[in-house]
Undergrad: 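So that we are looking at the same thing, I have put the structure below in structure tokens.
Values in this document were obtained by computation on a predicted structure and should not be read as measured data.
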Amino acid sequence: MAKHLAIDAMGGEGGAKLVVPAALQALHSSQDLTLTLVGDQQQIEPLLASASASHLCDRCRIEHTTEVIADDDLPRNVLRSGKNSSIYRSVELVRRGEVDAMVSAGNTGALLMIGRHLLKTIAGIQRPAIVATIPGTNRRTFLLDVGANPDVEAEHLFEFAVMGSVLAESLNGKAAKVGLLNIGSEDFKGTDEVRAAASLLESCSDLNYVGFIEANALFEGEADVVVCDGFVGNVTIKSSAGVASVLKKFLAEEMENSLISRLSDRVSNSLFTRLADRINPQRFNGASLLGLQGSIIKSHGNATQEGFYYAINQAVREADQCVPQLIANKVAAIMSATESGR
């Protein structure tokens, strides 16, 4: 099904010089995709012209704006002073229904603030959450929240579990196992909020709750969705990306010095490529802002062109599945069941 996305062309460390090539790569990969690049036309047009891809440009238009929200701009100021920024205008296109989703590598706090202001939260959801994808030995895992809500209550963690399960089920096509990130598997461990959230999850028949998940088991595929507060989640996701980068470097060094490398460069390069690809954090770039009445995908600010390309792909998948509407339906069903049970 054809999809139309808005792309904040100015956000992130790479800006338009990184975003535009990634957008063209996405257009090349999907014939049913149309993009609106939001940003400075004078910066974007030369990048499109130099790409030697005029046939792709037929599915790409520019919405001009010169204002950019910097990473160090305070989120509380953006609603007053950032209305002509590339982030604001991109989200506004989602609100008006002109695009199916938007992608940005810009200021996370500003993106969340603008998203809540323009798109509003889904009925029954108190706080939107940012969900990231992490690789595992058996399956990928959706971790949330990874930065939007450092301080949470049990009800918020429950809502995160509901939203995460909907995303996982829509993308995986099967019932999602949901776990709570904790410092141990015993019932008495964890903060008051985590233990209270466990009670809420255990009492909800609409969720497949599998219990506490310890950090060392996070990558073992014990759950499709793992829930935590935004502080813990942010530290976890950034630590895992750092470990993956170090491991990739170690692999490259060992392969260069190994006997198999000296015997056969072809075998060595093939093996390293496969291993590096499996742990490449750029492949899992693209964090969803769940809980809003529209789809917003947040790319890492320091993502490569490859990483931003994967973030665009994530936006396409969520738009295909109409994830916000699925979440709204799930929340309404749980609220109805709760009311009936009283």
Side-chain angles (χ1 to χ4, degrees), residues 69 71 73-79 87 91 104 106-134 141-168 176 178-183 190-201 204 207 209 212-213 215 218 223-241 286-301 314 318 323-324 327-328 330-331 334-335:
I69 297 175
D71 288 341
D73 285 343
L74 294 177
R76 65 173 178 265
N77 296 333
V78 301
L79 297 183
I87 290 180
V91 177
S104 175
N107 185 314
T108 302
L111 187 61
L112 184 61
M113 180 83 66
I114 293 168
R116 293 189 69 169
H117 174 68
L118 291 178
L119 302 181
K120 312 302 181 186
T121 55
I122 293 168
I125 297 296
Q126 300 176 65
R127 297 186 185 181
I130 304 174
V131 55
T133 307
I134 58 176
T141 298
F142 295 99
L143 179 69
L144 72 162
D145 178 39
V146 296
N149 305 281
D151 299 307
V152 299
E153 299 177 1
E155 291 77 9
H156 302 141
L157 293 173
F158 177 79
E159 292 173 6
F160 298 167
V162 172
M163 295 189 293
S165 68
V166 170
L167 178 65
V178 179
L180 274 173
L181 192 61
N182 202 356
I183 59 173
T191 64
D192 292 341
E193 291 78 13
V194 169
R195 294 198 305 273
S199 297
L200 292 174
L201 291 169
C204 182
L207 295 174
Y209 175 60
F212 293 143
I213 302 293
L218 187 60
D224 300 286
V225 177
V226 176
V227 177
C228 60
D229 66 64
F231 183 90
V232 171
N234 192 270
V235 170
T236 300
I237 198 70
K238 288 180 178 176
S239 297
S240 64
S288 309
L289 271 63
L290 296 183
L292 300 173
Q293 297 180 47
S295 291
I296 292 177
I297 303 298
K298 172 66 174 69
S299 165
H300 287 300
Q314 178 70 15
E318 289 197 25
V323 170
I327 291 174
K330 182 90 167 187
V331 171
I334 290 176
M335 292 175 63

Undergrad: Of all residues at least two apart in sequence or in a different chain, which pass the side-chain hydrogen bond (donor to acceptor under 3.5 Å, both in side chains) check with N182?
TA: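 Expected list: none.
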
Undergrad: Side-chain contact, heavy-atom cut-off 4.5 Å: S295 with S288?
TA: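 No - every pair of side-chain heavy atoms lies 4.5 Å or more apart.
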
Undergrad: I'd like to check V91 versus L111 (side-chain heavy atoms, cut-off strictly below 4.5 Å). Are they in contact?
TA: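 Side chain of V91 against side chain of L111, heavy atoms only: contact under 4.5 Å found.
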
Undergrad: Taking the side chain as every heavy atom from C-beta outward, state whether L143 and C228 have any atom pair closer than 4.5 Å.
TA: yes

Undergrad: Taking all heavy atoms of A110 and all of I69, pick out the closest pair and write down the distance.
TA: CB-CG2, 3.9 Å

Undergrad: Is the shortest heavy-atom distance from the side chain of I237 to the side chain of I134 under 4.5 Å?
TA: yes

Undergrad: Under 3.5 Å, which donor-acceptor pairs do the side chains of residues 190-201 form with other protein atoms, sequence neighbours left out?
TA:
from : atom 1 : to   : atom 2 : distance (Å)
T191 : OG1    : V194 : N      : 3.2
D192 : OD1    : R195 : NH2    : 2.6
R195 : NH1    : G190 : O      : 2.5
S199 : OG     : R195 : O      : 3.4

Undergrad: Looking at residues at least two apart in the chain, or sitting in another chain, which of them share a side chain to side chain contact (heavy atoms under 4.5 Å, CB included) with D229?
TA: V152, F231, V232

Undergrad: Could you grab the distance from atom CG of L79 to atom CZ of R116, nearest 0.5 Å is fine?
TA: 11.0 Å

Undergrad: Work out which heavy atom in L144 is nearest to a heavy atom in V225; give both atom names and the distance.
TA: CD2-CG1, 3.7 Å

Undergrad: Please check if the side chain of T141 supplies one atom and the backbone of A223 the other of a donor-acceptor pair under 3.5 Å.
TA: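 Yes, T141 side chain to A223 backbone: donor-acceptor pair under 3.5 Å.
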
Undergrad: State, with a plain yes or no, whether a side-chain heavy atom of L290 is found less than 4.5 Å away from one of F142.
TA: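 Not in contact.
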
Undergrad: Does the side chain of L207 come within less than 4.5 Å of K330's, by heavy atoms?
TA: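 Side chain of K330 against side chain of L207, heavy atoms only: contact under 4.5 Å found.
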
Undergrad: Apply side chain to side chain contact (heavy atoms under 4.5 Å, CB included) to the pair T121 and R127, showing each step before the final yes or no.
TA: CA-CA 7 Å; T121 55; R127 297 186 185 181; over 6 Å; no

Undergrad: Mind checking the CG-CD spacing from L118 to Q293? Nearest 0.5 Å is all I need.
TA: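 Spacing of CG (L118) from CD (Q293) equals 12.0 Å.
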
Undergrad: Looking at I297, V131, I296, T108, which hits side-chain contact (heavy atoms from CB on, under 4.5 Å) with L289?
TA: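 Among the candidates, only I296 passes.
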
Undergrad: To the nearest 0.5 Å, tell me how far F160 CZ sits from I125 CD1.
TA: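 So the gap between those two atoms works out to 9.0 Å.
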
Undergrad: Please name the pair of heavy atoms, one in C204 and one in I334, separated by the smallest distance, quoted to 0.1 Å.
TA: SG-CD1, 4.2 Å

Undergrad: How close do V178 and S165 get, heavy atom to heavy atom, and via which atoms?
TA: CG2-CB, 4.0 Å

Undergrad: Judged by atom type as modelled, is there a donor-acceptor pair below 3.5 Å linking the side chain of N149 to the main-chain atoms of P128?
TA: yes

Undergrad: Which heavy-atom pair separates H117 from K120 by the least distance, and what is that distance?
TA: O-NZ, 2.8 Å

Undergrad: I'd like to check M163 versus V323 (side-chain heavy atoms, cut-off strictly below 4.5 Å). Are they in contact?
TA: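 The answer is no; the side chains never approach within 4.5 Å.
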
Undergrad: Say you draw a straight line from CD of E318 to CG of L167; how long is it, rounded to the nearest 0.5 Å?
TA: 5.0 Å

Undergrad: State, without any angle test, whether Q126 and E159 hold a side-chain donor-acceptor pair at a distance under 3.5 Å.
TA: yes

Undergrad: Which heavy-atom pair separates G106 from D71 by the least distance, and what is that distance?
TA: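 In terms of heavy atoms, the two residues are closest at C-OD1, 4.1 Å.
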
